[in-house]
Novice: 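Just passing along the structure, written as structure tokens.
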Protein chains: 2
Amino acid sequence: MSASEHEDIRRIELFSQMADDNFKSLMRGAYVQNFPAQIELITEGEPSDFLHIVISGSVDLFSAWNGRDTSMATVRPISTFILAATIKDAPYLMSARTLEKSRIALIPSQDVRAIFDIDSNFARTIVTELAQCYRSAIKAQKDLKLRTSLERLANYLLRHQRHAGGGAAFELDFEKRRLASVLGMTPENLSRAFKGLQPYGVIVRGTRITINNQADLEHFAKPNPLIDNFST
Amino acid sequence: MSASEHEDIRRIELFSQMADDNFKSLMRGAYVQNFPAQIELITEGEPSDFLHIVISGSVDLFSAWNGRDTSMATVRPISTFILAATIKDAPYLMSARTLEKSRIALIPSQDVRAIFDIDSNFARTIVTELAQCYRSAIKAQKDLKLRTSLERLANYLLRHQRHAGGGAAFELDFEKRRLASVLGMTPENLSRAFKGLQPYGVIVRGTRITINNQADLEHFAKPNPLIDNFST
DNA sequence: GCCTAGCATTGACTTTTATCAATTTATAGG
DNA sequence: CCTATAAATTGATAAAAGTCAATGCTAGGC
């Protein structure tokens, strides 16, 4: 792992507050690997041997049951995944695969747990992180249970627009088939949902979205910070 | 609060590992109140001033958006709720109401955060608890995204049967309308879903459920520990 | 620049789920 | 024990979402 990568990881919220020695100790046991696209990094049900950190590229967290599967989240640099399983020493609940060529750091779970026990600042940050993860999961559950797929798409677009800087036009950051899966619908249904948002001024050309009537779309979507604001 | 209540709370996983002084200090700031049924204890969006502990009775966590609402979970004695909001000092994501006459302990959130900072055993348990909560939320999300309502009901029955001791006959522990909401469907649809499970040997008489053909139902439900096992 | 594989879209249709209205059944007070 | 009230069920219908099949589009490999 390069020194600049160390720096990058150190700057992640999760590792920013811990003692220097402990961080170094964590990094000593860690190793970094480059993976091509579409590689399954972990499989749900397996023991959680490593905490993963995406350094570059992107990773899809997904889950399967009875022949169906669904995308749960996308992890982008620089952030960790599978923290809860690592901490609990419990099996992964989701599988992970690279979406593109990616560089991933792996920290042995037992090291994370050991440092957790001796570094209270680290423990503090882990708590904050887990609380955040939990709240995001609750928001996702509310999104699924309280909204139709059309409403979920509308709110997704507004969130993503904001994330992309707030302009009327922006690019989707992943394939539509995966967006459909993330939103809990089929690709066909997503296609029709985009059509269904045309009356509210949404224009789609490939991955480029233009929101022509912000007020109309917001009136339909009724975004709510208790569902759509990922930072609180 | 009575001495025996102190004992009961002390025995909760969350408080079992902390230093005695710190526990006493937490309890000093706490107070206990009796509430009648159907009282809204907290409202989503409000600041999280207290960590709540259900001592007796039961509490429904629910959420509303755009005129709809949905039950997210039921809290039964003795356990806490709204831990993540307390820790993050963030607004509640869910509202809570008593389902019956209930006795609730309230611990000021700032006290919890203060003790958290000085008691590493307490911090350790909070992390475990939050990781658990997060994983439960992920399981709920998988349940919603990967299964039809009939499958969710079938798996719910199997989980509940297990929880009730494993016998072929058992009682539902809450009203059907709320079960419907928890499972993400309408009461009408739940009624029909019960009918739809008849071919698999499920018999419903009021709140009493009998599973006549365990193997058949399990074959249909395909329960999976990564969705249905709440303890890992 | 062309070809090809995979993604996206569209149409026709089915299944699943929700909604509305009408009964029936259960339940808690008086 | 009766009655008022809410819950549960049922039927009819509508809306939402999924499936299947065909076609259009597009980006990467040669």
Side-chain angles (χ1 to χ4, degrees), chain A residues 36-38 60 64-71 97 99-101 143-157 171-199 202-209 220-221, chain B residues 36-38 60 65-71 97-101 143-157 171-199 202-209 220-221:
Chain A
Q38 305 301 335
D60 180 37
W65 178 81
N66 194 25
R68 297 162 219 169
D69 63 66
T70 188
S71 273
R97 78 184 138 217
L99 287 168
E100 52 191 307
K101 195 164 155 305
D143 195 39
L144 281 168
K145 290 183 80 177
L146 291 168
R147 290 172 171 163
T148 66
S149 60
L150 196 59
E151 291 164 340
R152 288 200 295 279
L153 175 60
N155 281 290
Y156 172 84
L157 291 179
E171 298 280 329
L172 292 178
D173 56 354
F174 41 62
E175 324 180 75
K176 288 181 184 164
R177 59 173 27 245
R178 223 160 56 73
L179 175 58
S181 184
V182 168
L183 293 175
M185 57 175 121
T186 57
E188 295 94 327
N189 194 22
L190 175 63
S191 220
R192 287 167 186 132
F194 273 122
K195 286 252 168 75
L197 290 180
Q198 269 178 17
V202 175
I203 300 200
V204 185
R205 272 181 56 107
T207 57
R208 184 154 197 83
I209 309 292
F220 169 73
Chain B
Q38 304 302 336
D60 181 36
W65 178 79
N66 195 24
R68 300 161 216 168
D69 63 67
T70 187
S71 274
R97 76 185 140 217
T98 53
L99 286 168
E100 54 194 304
K101 194 164 156 307
D143 195 40
L144 282 168
K145 289 184 81 176
L146 291 167
R147 291 173 170 163
T148 65
S149 60
L150 196 59
E151 291 165 340
R152 289 200 296 278
L153 175 60
N155 281 290
Y156 172 84
L157 291 179
E171 299 280 328
L172 291 178
D173 57 352
F174 41 60
E175 320 181 77
K176 287 181 185 166
R177 55 171 32 244
R178 225 161 54 73
L179 175 57
S181 184
V182 168
L183 294 176
M185 56 177 122
T186 57
E188 294 95 327
N189 194 23
L190 176 64
S191 216
R192 288 169 184 131
F194 273 123
K195 285 252 165 79
L197 291 180
Q198 270 177 16
V202 174
I203 300 199
V204 185
R205 273 181 57 107
T207 59
R208 185 155 196 83
I209 309 292
F220 170 74

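Note that the structure is predicted; figures quoted are calculated from it, not measured. Residue numbering restarts at 1 for every chain, and letters A, B, ... go by the order of the sequence lines.
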Novice: Let's test your reading of the model: under 3.5 Å, does the base of C:dT19 pair with the side chain of B:Arg68 as donor and acceptor?
Specialist: no
Novice: A:Leu144 CG to D:dA17 C1': how many Å, rounded?
Specialist: 14 Å
Novice: I'd like to know if A:Arg177 reaches the base of C:dG6 with its side chain, counting only an N/O donor and acceptor under 3.5 Å.
Specialist: no
Novice: Nearest-Å distance, CD (A:Gln198) to P (C:dT9)?
Specialist: 11 Å
Novice: When only distance counts, do a donor and an acceptor, one from the side chain of B:Arg205 and one from the base of D:dT9, lie under 3.5 Å apart?
Specialist: no
Novice: Select from A:Arg152 and A:Glu188 the residue whose nearest nucleotide in DNA chain D is closer to the 5' end of that strand.
Specialist: A:Arg152
Novice: Could you tell me how far apart B:Glu151 (CD) and C:dT17 (C1') are, to the nearest whole angstrom?
Specialist: 14 Å
Novice: Using whole Å, what does the distance between atom C1' of nucleotide C:dT27 and atom CZ of B:Phe174 come to?
Specialist: 19 Å
Novice: Rounded off to whole Å, could you give me the CZ-to-P distance for the A:Phe194 and D:dC25 pair?
Specialist: 18 Å
Novice: Identify the heavy atoms of A:Arg178 and A:Leu99 that sit nearest to each other, and give their distance.
Specialist: NH2-CD1, 3.1 Å
Novice: Does C:dT9 have OP1 or OP2 sitting under 4.0 Å from an N or O in the side chain of A:Lys176?
Specialist: yes
Novice: With heavy atoms under 4.0 Å as the rule, sort A:Gly196 into base, sugar-phosphate or nothing.
Specialist: nothing
Novice: Counting the atoms with a prime plus P, OP1 and OP2 as sugar-phosphate, which does B:Glu175 contact under 4.0 Å by heavy atoms, base, sugar-phosphate, or nothing?
Specialist: sugar-phosphate
Novice: Which whole-number value in Å describes the distance from B:Asn189 CG to D:dA8 P?
Specialist: 14 Å
Novice: Checking B:Arg68 side chain against A:Leu146 main chain: does a donor-acceptor pair fall under 3.5 Å?
Specialist: yes
Novice: Please answer whether the main-chain N or O of B:Val182 pairs with a side-chain N or O of A:Lys145 as donor and acceptor at a distance below 3.5 Å.
Specialist: yes
Novice: Starting from C1' on C:dT9, measure out to CZ on A:Arg192 and report it in whole angstrom.
Specialist: 8 Å
Novice: Would you indicate, yes or no, if D:dA8 has its OP1 or OP2 atom less than 4.0 angstrom from a side-chain nitrogen or oxygen of B:Ser191?
Specialist: no
Novice: Locate the shortest heavy-atom distance separating A:Trp65 from B:Ala221; write the atom from each residue and the value.
Specialist: CZ2-O, 3.1 Å
Novice: Kindly say if B:Ser149 contacts the phosphate of C:dT17, meaning a side-chain N or O under 4.0 Å from OP1 or OP2.
Specialist: yes
Novice: Which whole-number value in Å describes the distance from A:Gln38 CD to C:dA5 C1'?
Specialist: 14 Å
Novice: Work out which heavy atom in B:Leu144 is nearest to a heavy atom in B:Leu183; give both atom names and the distance.
Specialist: CD2-O, 4.3 Å
